[in-house]
Amino acid sequence: METQFSCFPSSTFTGESPDVSLFDHAKTTAAIAACISEYVQANNITDLRKALFEQEKDFCQKDAFLLYTADFSRIQKFLYTVHTENALRSLRSRSFFLELLMEHYLDELLAGCGVSRANLIYSGGGHCYVLLPNTAAVADTLTRWNRQFNHWLQQQFGTQLFLANAWTPCSGNDLTNTPAEKSPYKELFRRVNRLLEQHKFHRYTAEDLRLLNSTAAYPDGRECKVCGTSANLKDDLCPWCKLFVDLSIKIQNKRVLVVSRQPSAADDCTLPALDGGSEYLSLTDQFSARKRLASGEPVVRVYTKNAPFTGLTYSTNLYVGDYAASNSMEELAGQSEGVRRIAVCRMDVDNLGHAFISGFEQENEKDPVKRMHYVTLSRTSAFSRQMSLFFKCYINGILEGLHVSIVYAGGDDVFLVGAWNDVLEAAQRIQRNFTAFSCGALTLSAGIGIFDDHYPIRLSAEETAALEEAAKHLPGKNAVALFTPERKAVRDAKGNLLVQPEQGHIYAWDVFRTKVLTEKVGCLQSFFGKDNAEHGNAMLYNLLALLREAENDRINLARYAYLLARLSPKKNAPDYKLYEQFSHSMMDWALDAVQRHQLITAIYIYVYQNRKGGDTDGRME
């Protein structure tokens with residue numbers, strides 16, 4: 001139904017807004033109907049006409065529903081627990097495993113609560129929202145399954161992973177935002193998120209703590225060289241770390257995942273089941289999956305990756321951002337233009353929480369009913385699905401042809417690694433397409449760091465996260481921060497300057513494209529050209545040093561002008577006019593603080609593009 005009706009309007013009545021698809025409307029209707037069905041059965045309500053129609057207002061005030069949420073904690077620590085060798089493979093495998101683990105968790109939960117995936121409002125980035133019936137059986141299932149699941153996480157990963165969860169009762173009036181002046185729909189999400197945060201601060205029971213403290217080391221005392229776990233090691237890796245290295249190729253080549261109650265030699269890993277037993281996951285192909293289904297094997301469910309095979313029984317399609325030009329940092333660095341470097345890009349949507357809860361409010365309307373007219377569960381669900389489609393599906397086509405690899409893309413954020421110049425292009429492509437996709441209603445901010453390909457990925461991820469955070473501090477956000485975070489001045493007890501302050505390279509996207517790349521990098525390229533790149537680099541190093549010091553001592557601008565004058569050809573030379581335009585622009589930019597900083601960034605980029613060999617000479621570092 002999703003493949004056929006997700007772009008088909010739910011209503012053709014011209015008096016309504018056709019902004020919700022038939023699929024999203026039907027899915028939401030099915031979720032609500034399933035909850036009501038379970039609720040009336042649990043409460044022995046048999047006269048449905050009386051309860052649901054004649055006494056509709058009374059029923060809409062009853063807490064017949066539960067809004068449920070869950071969120072993986074410590075994801076960053078889990079993801080970046082990788083060894084420098086095969087780091088990219090391990091990272092991509094770990095992020096895919098987390099996505100799959102969340103889907104498995106949700107499917108077991110939904111089945112145990114007697115509802116289907118129609119009740120899943122949102123899943124992505126290790127976070128989810130689900131609409132459930134408010135019954136004693138459902139509450140018992142949630143308590144039992146979460147206890148079992150977190151116990152399994154402790155057994156397998158210790159304190160590396162934890163799934164926080166929370167739920168709150170709600171009524172039909174809450175879901176329809178009635179009365180509008182009290183905004184119960186918005187308060188509903190705030191309430192459940194507050195409860196979720198409380199669980200994160202009180203995650204372990206006394207029994208959990210005793211179990212964690214009583215875990216004995218493996219008999220031979222050896223520890224995994226990646227995660228430090230005592231286990232039966234192979235190639236100095238514990239079973240999970242070995243799996244994350246080996247799984248990367250399968251993730252790229254296999255499009256079907258089978259979860260079965262029957263173990264086999266083809267299994268990739270074991271997962272917990274709601275009934276306390278185990279289920280077995282294997283990555284395979286469509287032909288093998290059909291054969292296993294036909295054999296009568298107790299297959300619990302089938303997932304497909306980026307391919308909705310409707311002929312596969314139980315099949316659930318999962319969109320995965322899995323574009324990868326290479327699995328090797330060294331290969332990606334080797335594809336760089338100019339200096340041999342990789343870049344790490346982290347980007348996410350600005351103010352997504354506000355958009356999710358309040359994005360459909362008509363802020364200019366004073367009448368609360370009109371103001372909250374578009375705040376509905378179906379629009380929230382549709383918005384969530386569209387976000388997942390962009391970051392998990394469309395992004396693969398956006399990056400086509402670039403030497404980059406997706407480490408993670410989903411929810412509202414992206415983590416890319418690749419040849420440094422292609423990562424710059426990839427970030428701009430994603431930003432442009434996302435702006436068009438959201439009609440300018442949503443924006444992205446990004447951090448892009450440039451590193452040696454042997455630099456530890458954990459550290460590069462942390463430094464790039466700091467850049468991303470710096471971009472979000474620009475007024476209005478919708479920005480990109482490059483290279484290194486802003487550096488503050490550091491002085492000793494006597495006031496002597498120990499560390500020179502330096503402004504961060506942070507720009508709004510349109511400023512970065514037009515002022516830095518097109519205008520200033522373009523000017524440098526047109527003057528120095530490819531044939532004179534090395535000579536240009538040597539001169540630009542000296543100009544760069546003077547531009548950096550111009551803020552502290554204006555005499556450096558005079559020295560800067562002198563160096564520009566030394567580049568001058570004779571007045572009757574054919575390239576004199578080009579030099580005249582170049583020198584005037586360079587001088588005008590140097591005299592303006594804002595444009596001077598843009599020029600510094602442009603020089604960085606130009607030198608990286610035209611540096612011959614594998615390294616800089618230290619003056620750019």
Side-chain angles (χ1 to χ4, degrees), residues 88 91-92 95 321-326 329 332-333 335-339 341-350 352 387 390-392 394-438 440 442-451 457 460-474 476-485 504-518 520-521 598 601-602 604-606 608-609:
L88 186 52
L91 265 174
R92 297 177 70 240
S95 64
D322 62 351
Y323 178 82
S326 172
M329 296 281 200
L332 291 171
Q335 296 296 326
S336 299
E337 177 185 0
V339 70
R341 287 285 190 274
I342 65 158
V344 172
C345 173
R346 297 183 66 168
M347 58 197 318
D348 70 8
V349 179
D350 298 322
L352 182 66
M387 292 291 291
F390 184 87
F391 288 108
K392 293 185 178 182
Y394 301 149
I395 194 171
N396 292 319
I398 291 169
L399 299 178
E400 192 69 40
L402 296 177
H403 296 104
V404 300
S405 293
I406 296 175
V407 173
Y408 173 76
D412 71 320
D413 58 332
V414 179
F415 184 171
L416 298 175
V417 174
W420 75 268
N421 52 295
D422 278 5
V423 168
L424 279 182
E425 172 60 25
Q428 293 178 80
R429 282 192 193 180
I430 293 170
Q431 188 271 335
R432 283 195 302 266
N433 280 275
F434 185 71
T435 299
F437 182 75
S438 66
L442 296 171
T443 60
L444 283 167
S445 291
I448 301 174
I450 299 178
F451 307 94
I457 190 69
S460 62
E462 289 177 2
E463 292 176 27
T464 309
L467 286 170
E468 182 185 19
E469 186 64 25
K472 287 186 175 294
H473 280 86
L474 193 74
K477 302 184 180 181
N478 192 28
V480 58
L482 303 107
F483 307 135
T484 56
H505 303 265
I506 308 170
Y507 304 99
W509 285 103
D510 57 343
V511 173
F512 178 65
R513 262 192 293 269
T514 58
K515 294 295 185 180
V516 177
L517 295 180
T518 303
K520 295 176 176 63
V521 175
Q598 294 170 4
T601 305
Y604 270 101
I605 294 172
Y606 175 82
Y608 276 134
Q609 285 176 337

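Computed from a predicted structure; not experimentally measured. Numbers here are sequence positions counted from 1.
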_With a 4.5 Å cut-off on side-chain heavy atoms, are Thr435 and Trp509 touching?_
no

_Where Ala446 and Cys345 come nearest, the two heavy atoms and their spacing_ = CB-SG, 4.4 Å

*With rounding to the nearest 0.5 Å, note down the distance linking OG in Ser445 to CD1 in Ile506.*
10.0 Å

*Partners of Tyr507 by side-chain hydrogen bond (donor to acceptor under 3.5 Å, both in side chains), sequence neighbours excluded?*
Thr601

*Tell me, do Leu517 and Gln428 make a side-chain contact under 4.5 Å, heavy atoms counted?*
yes

*Could you check Ile430 against Ile395 for side chain to side chain contact (heavy atoms under 4.5 Å, CB included), going step by step and ending with a plain yes or no?*
CA-CA 7 Å; Ile430 293 170; Ile395 194 171; 3.9 Å; yes

*Can you measure from CD (Gln609) to CG (Leu424) and round to the nearest 0.5 angstrom?*
8.5 Å

*Hey, does Val423 have a side-chain heavy atom less than 4.5 Å from the side chain of Val417?*
no

*Do Leu442 and Met387 come within less than 4.5 Å of each other through their side chains, counting heavy atoms only?*
yes

*Tell me, with the steps shown, if Lys520 and Gln598 meet side-chain hydrogen bond (donor to acceptor under 3.5 Å, both in side chains).*
CA-CA 8 Å; Lys520 295 176 176 63; Gln598 294 170 4; 2.9 Å; yes

_Lys/Arg N to Asp/Glu carboxylate O, Lys472 vs Asp350, below 4.0 Å_ = yes

_For a quick test of reading the model, state the closest non-hydrogen atom pair linking Phe434 to Val349 and the distance between them._
CZ-CG2, 3.7 Å

*Check whether any side-chain heavy atom of Ser336 lies under 4.5 Å from a side-chain heavy atom of Asn421, and answer yes or no.*
yes

*So which heavy atom on Arg92 is nearest to which on Ala324, and how close?*
NH2-CB, 3.4 Å

*How about Asn396 and Asp322: do any of their side-chain heavy atoms sit closer than 4.5 Å?*
yes

*List the atom of Gly401, the atom of Tyr323, and the distance in Å for their closest heavy-atom pair.*
N-OH, 3.1 Å

_Approximate separation, where rounding is to 0.5 Å, of Ile406 CD1 and Phe391 CZ_ = 11.0 Å

*Is there a salt bridge (Lys or Arg N to Asp or Glu O under 4.0 Å) between Arg429 and Glu425 once you walk through the steps?*
CA-CA 6 Å; Arg429 282 192 193 180; Glu425 172 60 25; 3.2 Å; yes

*Go through the structure and list residues passing side-chain contact (heavy atoms from CB on, under 4.5 Å) with Tyr394, not counting sequence neighbours.*
Leu389, Phe390, Phe437

*If you round to the nearest 0.5 Å, how far is CG of Leu444 from CG of Asn433?*
10.5 Å

*What distance do Ile448 atom CD1 and Leu467 atom CG have between them, rounded to the nearest 0.5 Å?*
9.0 Å

*Determine the sole option in Asn478, Thr443, Val480 for which the side chain to side chain contact (heavy atoms under 4.5 Å, CB included) test with Gln431 is passed.*
Asn478

*Could you give the distance from CD (Glu462) to CZ (Arg346), rounded to the nearest 0.5 Å?*
9.0 Å

*So, do Phe451 and Thr464 sit near enough that their side-chain heavy atoms are less than 4.5 Å apart?*
yes

_I need the minimum non-hydrogen distance between Leu399 and Ala426, along with the two atoms involved._
CD2-CB, 3.6 Å

*Run the side chain to side chain contact (heavy atoms under 4.5 Å, CB included) check on Trp420 and Val339 step by step: do they pass?*
CA-CA 9 Å; Trp420 75 268; Val339 70; 3.7 Å; yes

_Checking Asp422 against Leu332 for the side chain to side chain contact (heavy atoms under 4.5 Å, CB included) test, could you report, in this order, the C-alpha distance in whole Å, the side-chain angles of both residues, the deciding distance, and whether it holds?_
CA-CA 10 Å; Asp422 278 5; Leu332 291 171; over 6 Å; no

